[in-house]
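Notes follow once the structure below has been shown.
Residue numbers start from 1 in every chain, and the chains themselves are labelled A, B, ... in the order their sequence lines are given, proteins ahead of strands. As the structure is a prediction and not an experimental result, all values here were calculated from the model.
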There are 2 protein chains.
Amino acid sequence: MKKLNIKEFSSIIGVSTATVSRAFNASGRINEKTRRYIIEKAGELGYHANIHARNLSSPRSNIAGLFYPLLAGEQPDYFINEIQQGVQSALMDSGILLQVHPFPARADAELTLETYRTYVLSGGLGAMIIVAGSAESVELVKVAREAEVPYVVIGHMSGETRYTVSFDNGQGARLAGKFFVRTGRRFPAYIGGHLDKRKKLGFLEGLGEISDKLTIHSGGDAFIHGANAFRELRANRPETDCVLCANDVLAAGFIKAAQESGATIPEDIAVIGFDDLSFARYLTPALSSVSLKLNHIGLSAARQILKLLDGNDITPEFVECELIFRDSA
Amino acid sequence: MKKLNIKEFSSIIGVSTATVSRAFNASGRINEKTRRYIIEKAGELGYHANIHARNLSSPRSNIAGLFYPLLAGEQPDYFINEIQQGVQSALMDSGILLQVHPFPARADAELTLETYRTYVLSGGLGAMIIVAGSAESVELVKVAREAEVPYVVIGHMSGETRYTVSFDNGQGARLAGKFFVRTGRRFPAYIGGHLDKRKKLGFLEGLGEISDKLTIHSGGDAFIHGANAFRELRANRPETDCVLCANDVLAAGFIKAAQESGATIPEDIAVIGFDDLSFARYLTPALSSVSLKLNHIGLSAARQILKLLDGNDITPEFVECELIFRDSA
DNA sequence: TTGTAAGCGTTATCAT
DNA sequence: ATGATAACGCTTACAA
């Protein structure tokens, strides 16, 4: 069954192409009866306006791209997943489709970036949501500006103050530090992967008077690194009695290793994770965590995009971190 | 800075539009020197071929859509997330972009479905990956056929034998049943959400001689439902000594409630989850689970799509379930 | 190897 | 309210 184009379709049903076009574009100026007739016939004959011709003729794209740095390596990226869910629920029923654009850090970054750049500049996307956190994110913002595509960045990006949904990792970490002090802990440790200077600093601030006791362990971002961190701490800093992990997966690994060695949590060591991914409550003990409200952030970012797409202006949004207390601290 | 089109660009650099086009489309017939010159100038002047005009002129779309039923309701859908990761890693560097298309079950399904239908039939997608599991999935396959878009379905769909990457939930559940029998368990329970007749049946088969002792609890698919299931079982079937949960999140809820009530796992009750999501190993006790190898499945599906897009034929793929032993059973 | 020009299927402008 | 037709920006015969 060959596909009908507007010319064939319109001539079959006996109207002009312009009328057919009007029937499908809420442009007013058309008899309601004619409109209904055309819509009905289209269903019958299987006519569908070609989307490329449409986009070409009146420049637009109803596709939003979600760009994010690939940090976690092999494992499923729960962090992005939660953001994506939020974005999707906001976009659902808006008519905007979501495309996901992970980009690797370091090595292959350039190639991917160039691909995305070309794609965006060629008009492929109608909007961009960019998750901050790497040099490439910054480049992508430049691309968005260059292509004059509405965009919103998630997270903190220096120089970008207008189109953002941001949060302050430092503030979240401070909360954790203060909590440890308040609950009488004495020997804190921080377990971090890459890219979290702000978390470290915030933690230090929150720790206040006991900040000079802080031990820092930097491995990777994965489960296994959390476990490694515990073992190393146990060997070199057995006095450690509280730990902030840069993400919940690290915290899970840390707890696992602690339990295997016979340490009890939170009695021997209190642990707080970061991100508050939804599996945090599944753990035993249920993980206390600095919540970034990722789902909410995704939702907000997408709503901002929708506003921009409607031609409205937006104001930057800041989402406060919150310490969620469960059983691990 | 106004955007250049091919006409302007070509006239500025003194060649024809055709030559510019050739420079960007590996069609041969062009002097390598000219080509390099054009590419260079394009970079300098910021010329980018309009993607819509391109797709219009020679029908194509380098976008693949991942369609999946929205089952989990509010919470992040870890199941799909792992598939998506696999798909993405296969697509990366292929030049194919990924669009994600969740569709709600029941109520609003029709609207969403119609939107997607229109989109696909209008030529928006170059390929479709469809996760089976609802009536809408079946409709989407029809759409793919109608639009003559290459597609692959993930999971079991009756009537669809050609373009699939499938697995057999029943087989996986059988494994669990057999294991429980082999390890001397006597009073099995099954905790399921929706849509899992096959799991139930397979489990029953695997249970063999103790299958007549099976208790079935059907609540929802979420964490809380797993916890509820434990409490109900404890009240009504205290003899229960082994449980298969229809997914890992249910299992996590079940375990949590069991621990709170003082039951030990796996001594008092052995529990096996389903899907083997990556957080399974974070739990305490680490969750034994029927692995669907979701990441691998996503990878395979995307590879099949790539083959189809290259004009090659494919043969259906079947992925065997595997029981992953950890500490909960 | 390169240029000319006819599509590709819409939307938008201008008549009617 | 509807119809004719000129863009929209590219690809691809066909000619040179």
Side-chain angles (χ1 to χ4, degrees), chain A residues 1-39 41-42 45-62 118-126 147-148, chain B residues 1-39 41-42 45-62 118-126 147-148:
Chain A
M1 186 178 80
K2 194 184 156 295
K3 255 169 228 166
L4 288 174
N5 63 28
I6 199 172
K7 220 176 211 161
E8 296 161 348
F9 175 62
S10 60
S11 92
I12 290 179
I13 66 170
V15 297
S16 73
T17 60
T19 305
V20 169
S21 178
R22 283 193 279 261
F24 288 102
N25 296 284
S27 51
R29 327 195 133 157
I30 184 175
N31 184 306
E32 188 51 32
K33 238 178 185 167
T34 329
R35 179 200 200 84
R36 264 203 288 273
Y37 172 70
I38 293 176
I39 302 277
K41 279 298 182 186
L45 302 177
Y47 166 72
H48 292 273
N50 179 301
I51 202 168
H52 303 303
R54 226 173 160 160
N55 291 346
L56 171 59
S57 180
S58 57
R60 62 177 153 195
S61 165
N62 62 337
T118 305
Y119 180 60
V120 174
L121 286 170
S122 73
L125 293 181
E148 293 176 34
Chain B
M1 186 178 78
K2 194 182 156 297
K3 256 169 224 163
L4 287 175
N5 64 26
I6 198 173
K7 218 176 211 161
E8 299 160 347
F9 174 62
S10 61
S11 91
I12 291 178
I13 66 170
V15 298
S16 72
T17 62
T19 304
V20 169
S21 178
R22 284 187 203 106
F24 289 103
N25 296 282
S27 52
R29 328 191 132 160
I30 184 177
N31 184 307
E32 188 51 31
K33 237 178 186 165
T34 327
R35 178 200 201 85
R36 265 204 287 273
Y37 173 70
I38 293 176
I39 303 277
K41 278 297 181 187
L45 303 176
Y47 166 73
H48 291 273
N50 179 301
I51 202 168
H52 304 303
R54 224 171 162 164
N55 291 344
L56 172 60
S57 178
S58 58
R60 62 176 152 193
S61 164
N62 62 336
T118 305
Y119 180 58
V120 175
L121 286 170
S122 73
L125 292 181
E148 293 177 34

Counting side-chain heavy atoms from C-beta on, which of [options] comes nearest to [X]?
| X | options | result |
| --- | --- | --- |
| A:Ile6 | C:dT1, C:dT10, C:dT13 | C:dT10 |
| B:Ile30 | C:dT2, D:dC10, C:dG9 | C:dT2 |
| B:Arg54 | D:dC10, D:dG3, D:dA1 | D:dC10 |
| A:Arg60 | D:dT2, C:dT11, C:dC8 | C:dT11 |
| B:Thr34 | D:dC10, C:dT2, D:dT2 | C:dT2 |

Under a 3.5 Å distance rule, please check whether [X] uses its side chain to pair with a backbone N or O of [Y] as donor and acceptor.
| X | Y | value |
| --- | --- | --- |
| B:His52 | A:Pro59 | no |
| B:Ser61 | B:Gly124 | yes |
| B:Ser57 | B:Ala53 | no |

Between [X] and [N], is there a side-chain N or O to OP1/OP2 distance below 4.0 Å?
| X | N | answer |
| --- | --- | --- |
| A:Asn5 | C:dG9 | yes |
| A:Tyr37 | D:dA1 | no |
| B:Asn55 | D:dC10 | no |
| B:Thr19 | C:dG3 | yes |

### Task
Answer with yes or no whether B:Ser57 presents, from its side chain, a donor or acceptor under 3.5 Å of a partner atom in the base of D:dG9.
no
Close side-chain approach of [X] to [Y], heavy-atom, < 4.5 Å:
| X | Y | value |
| --- | --- | --- |
| A:Tyr37 | A:Asn31 | no |
| B:Tyr47 | B:Ile12 | no |
| A:Thr19 | A:Ser10 | no |

### Message
Under a 3.5 Å threshold, yes or no: a donor from one side chain and an acceptor from the other, between A:Arg54 and A:Asn62?
### Response
no
### Summary
To the nearest 10 degrees, the angle between the two end axes of the helix from C:dT1-D:dA16 to C:dT16-D:dA1 (five pairs per end) comes to 30°
#### Entry: Touch class at under 4.0 angstrom, heavy-atom based, for A:Ser58 against every strand present
sugar-phosphate
### Task
Under 4.0 Å between any heavy atoms, over every strand shown, what does B:Phe24 touch: base, sugar-phosphate, or nothing? Just pick one.
nothing
### Query
Shortest non-hydrogen contact from A:Phe9 to A:Ile38?
CZ-O, 3.8 Å
### Task
For DNA chain C, find the residues of residues 9-18 of chain B with a heavy-atom distance under 4.0 Å and give them by number; none if there aren't any.
B:Val15, B:Ser16, B:Thr17, B:Ala18
